[in-house]
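What follows is one structure encoded as structure tokens, with my remarks underneath.
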Amino acid sequence: MGYNEIPASVKSFMDQITELCGQEHARWAENFNACFANTLLTTVKRQPDGTTFLLTGDIPAMWLRDSTAQVRPYLVIAKQDADLEEMIAGLVERQLQYINMDPYANAFNEEGNHAGHQTDHTEMTPWIWERKYEIDSLCYPLQLSYLLWKSTGRTAQFNDTFQQAVRSVLEVWETEQDHNRSPYSFVRDTTRLEDTLVRDGKGSPVAPTGMTWSGFRPSDDACRYGYLVPSNMFAVVVLDYLREIYQDILKDDSLIARITKLREDIEQGLQKHAKVSNAGGETVYAYEVDGLGNYSIMDDSNVPNLLSAPYLGYCDSNDPLYLATRKTLLSAENPFFYEGSYAKGIGSSHTPENYVWPIALAMEGMTTEDKAEKERILNLLVECDAGTKLMHEGFDVNDPTKYTREWFSWANMMFCELVMDYFDIRISCAPQTLASSY
């Protein structure tokens, strides 16, 4: 059971956005309304136990990452709509239940029905759609738990399920600080190297750095080097959330000490190992490192990426190191930066060459303070929707009628978030200072 019609609070918010857009930006409003309604009407599946299952779109599974991003824009309304708040709280509960089933899995089935990639060589269960271990899959549900508290005042989500999930996350992140002692491995019988890990499923060699290892990127493509910098940045922010929750709500000094140590280990690892020199000799953040001296200068469309560091709450958008990194990422030095006759932006190893992602374009807009640049990107996104009024996974920079994934809720909601951001309606992710301006 989901939403058969748009709730009054959501309709009222859509009307507000339409009024703010006015005639000048009527196309923004048209796409915003289509995208904002689409997620509620097509992906939300309320469960009999009060939890919420969220389809990612045209794949019949729920990703821990995607599902958080899909509902995040609704947080600005949730305080005024008890049922919407319950829907989001139900999603948090189900996400945490999934983490407790297996913290190494990234996507799950609605039921224990053996759907998904059951022939992968890893420890699968009937509930798991895919078991590609990604740091961000654990970050996002904890972020949503925190944002729900800060947006609505709700604290019931910090229950036994939450506390068990936190301990599972801490155990995995601590274990993966030394991947050599990890129980995790992943091999897929495939000719697509991005879908499997080398060295019999253990991934390329790494040396301990303080950071925590990730098998796969948020694109679900394999990491080339095991320490994924933007995901470690996200982990630092989420660990700050946990310190605040356990200080203000759950009152557990021993766990705060454990959280703090892990947070400081990861941050020190980032400071020592994640800063490298670009082609021009400027200091920038690497995308991945291995602690053995190898690194990659690049960025991927999927969030967390380096471009999203201020959006995640890791740094300020005016931070000099971030700005130098951003300039590098939005240039030919990034192998996934594409420019054509219709668009330019960041793509992904997950989609064809010369395909840029609306998610990355929206993130480019949300991490600049330049209003004109936000406007340019919003105009570009509506002009490149192939007449669908919705966003897609990626589209060809030389022909926007060529795109991947007609139904992709995460991209739809990132567009909505950029529209909201343009009108200064946003949810800040900075720990302890988070507040909605709606």
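Numbering of residues begins at 1 and proceeds along the displayed sequence. Since the structure is predicted, the reported quantities are computational estimates derived from the model, not experimental observations.
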Completion exercise
Nearest heavy-atom approach of D200 to S185 is O-CB, 4.1 Å

Handout entry: Residue pairs involving residues 91-100 (criterion salt bridge (Lys or Arg N to Asp or Glu O under 4.0 Å); sequence neighbours excluded)
Key = none

Practice task
May I ask you to decide if V382's main-chain N or O and R27's side chain share a donor-acceptor pair within less than 3.5 Å?
Solution key: yes

Practice task
Of all the heavy-atom pairs spanning F415 and C35, show the shortest one and how long it is.
Solution key: CD2-SG, 4.2 Å

Handout entry: Closest non-hydrogen atom pair between S409 and T43, with its separation
Key = CB-CG2, 4.0 Å

Practice task
Output yes when a side-chain donor or acceptor of R224 lies under 3.5 Å from a complementary backbone atom of S296, and no otherwise.
Solution key: no

Problem - Salt bridge present between D252 and R243 (N-O < 4.0 angstrom) - result: no

Fill in the blank from the handout: The reported gap from CG in D299 to OG in S308 (rounded to nearest 0.5 angstrom) is 7.5 Å

Fill in the blank from the handout: Here the pair of heavy atoms bringing L54 nearest to V44 is CD1-CG2, 3.5 Å

Handout entry: All side chain to side chain contact (heavy atoms under 4.5 Å, CB included) counterparts of Q164, not counting sequence neighbours
Key = N100

Handout entry: All side chain to side chain contact (heavy atoms under 4.5 Å, CB included) counterparts of L193, not counting sequence neighbours
Key = none

Practice task
Using the ring pair (Phe, Tyr, Trp, His ring centres under 6.0 Å) rule, collect all pairs that involve residues 204-235, keeping only residues at least two apart or in two chains.
Solution key: Y140-F234, H179-W213, F186-F216

Problem - Main-chain N/O of M87 paired with T52 side-chain donor or acceptor, under 3.5 Å - result: yes

Practice task
Assess the side chains of K251 and Q247: does a donor N or O sit below 3.5 Å from an acceptor N or O?
Solution key: no

Handout entry: Side-chain donor-acceptor pair present, T68, Q95, cut-off under 3.5 Å
Key = yes

Exercise for the section: Kindly state each residue pair satisfying ring pair (Phe, Tyr, Trp, His ring centres under 6.0 Å) with at least one member in residues 100-121, sequence neighbours excluded. Expected result: Y98-F108, Y104-Y133, Y104-Y184, H117-W129

Handout entry: Residues in ring pair (Phe, Tyr, Trp, His ring centres under 6.0 Å) contact with Y422, at least two apart in sequence or another chain
Key = W28

Exercise for the section: Mind checking side-chain hydrogen bond (donor to acceptor under 3.5 Å, both in side chains) for N278 and listing every partner two or more places apart, or none if nothing turns up? Expected result: E282, T328

Practice task
Determine whether the side chains of W127 and D102 contain a donor N or O and an acceptor N or O closer than 3.5 Å.
Solution key: no

Handout entry: Pair listing, ring pair (Phe, Tyr, Trp, His ring centres under 6.0 Å) test, anchored in residues 342-397, at least two apart
Key = H392-Y403

Problem - Between R326 and T367: side-chain donor-acceptor atoms closer than 3.5 Å - result: yes

Exercise for the section: For E373, look at atom CD and say whether over 12 heavy atoms of other residues, nucleotides or ligands are found less than 6.0 Å away. Expected result: yes

Practice task
Indicate the ring-plane relationship of F36 and F32, choosing parallel, tilted or perpendicular according to the 30° and 60° boundaries.
Solution key: parallel

Fill in the blank from the handout: d(S317 OG, L323 CG) to nearest 0.5 Å is 7.5 Å

Exercise for the section: Please report the shortest heavy-atom distance between D136 and P304, naming the atom on each side. Expected result: CB-CD, 3.4 Å

Exercise for the section: Answer with yes or no whether the side chains of T368 and D370 bring together a donor and an acceptor at under 3.5 Å. Expected result: no

Practice task
Only pairs at least two apart or in different chains count here, so list each ring pair (Phe, Tyr, Trp, His ring centres under 6.0 Å) that has a residue in residues 288-327.
Solution key: none

Handout entry: Donor + acceptor pair across side chains of E369, N318 (<3.5 Å)
Key = yes

Completion exercise
d(I88 CD1, L147 CG) to nearest 0.5 Å is 10.0 Å

Fill in the blank from the handout: Sequence neighbours excluded, the answer for side chain to side chain contact (heavy atoms under 4.5 Å, CB included) partners of E110 is K45, Q47, F53

Completion exercise
Between the CG atom in N31 and the CG atom in N38, the distance rounded to the nearest 0.5 Å is 11.5 Å

Exercise for the section: Return the set of residues passing side-chain hydrogen bond (donor to acceptor under 3.5 Å, both in side chains) with S331 (not counting sequence neighbours), or none when no residue passes. Expected result: none

Exercise for the section: For the residue pair S182 and E176, confirm or rule out a side-chain donor-acceptor distance under 3.5 Å. Expected result: yes

Exercise for the section: Might you confirm whether atom NZ of K344 has over 12 heavy atoms from other residues, nucleotides or ligands at distances under 6.0 Å? Expected result: no

Handout entry: Electrostatic pair E244:K150 at N-O distance under 4.0 angstrom
Key = yes

Problem - Distance-only donor-acceptor check, side chains E267 and Q271, under 3.5 Å - result: yes

Handout entry: Backbone of L148 reached by a side-chain donor or acceptor of S151 within 3.5 Å
Key = no

Practice task
Would you confirm whether N232, through its side chain, and T212, through its main-chain N or O, come within 3.5 Å as a donor-acceptor pair?
Solution key: yes

Practice task
Grab the two heavy atoms, one from I359 and one from S301, that are nearest each other, plus how far apart they are.
Solution key: CG2-O, 3.6 Å

Exercise for the section: Name all residues meeting the side chain to side chain contact (heavy atoms under 4.5 Å, CB included) criterion together with D195; count only those two or more places apart in sequence or in a different chain, and write none if there are none. Expected result: K132, R188, T190, R192, D221

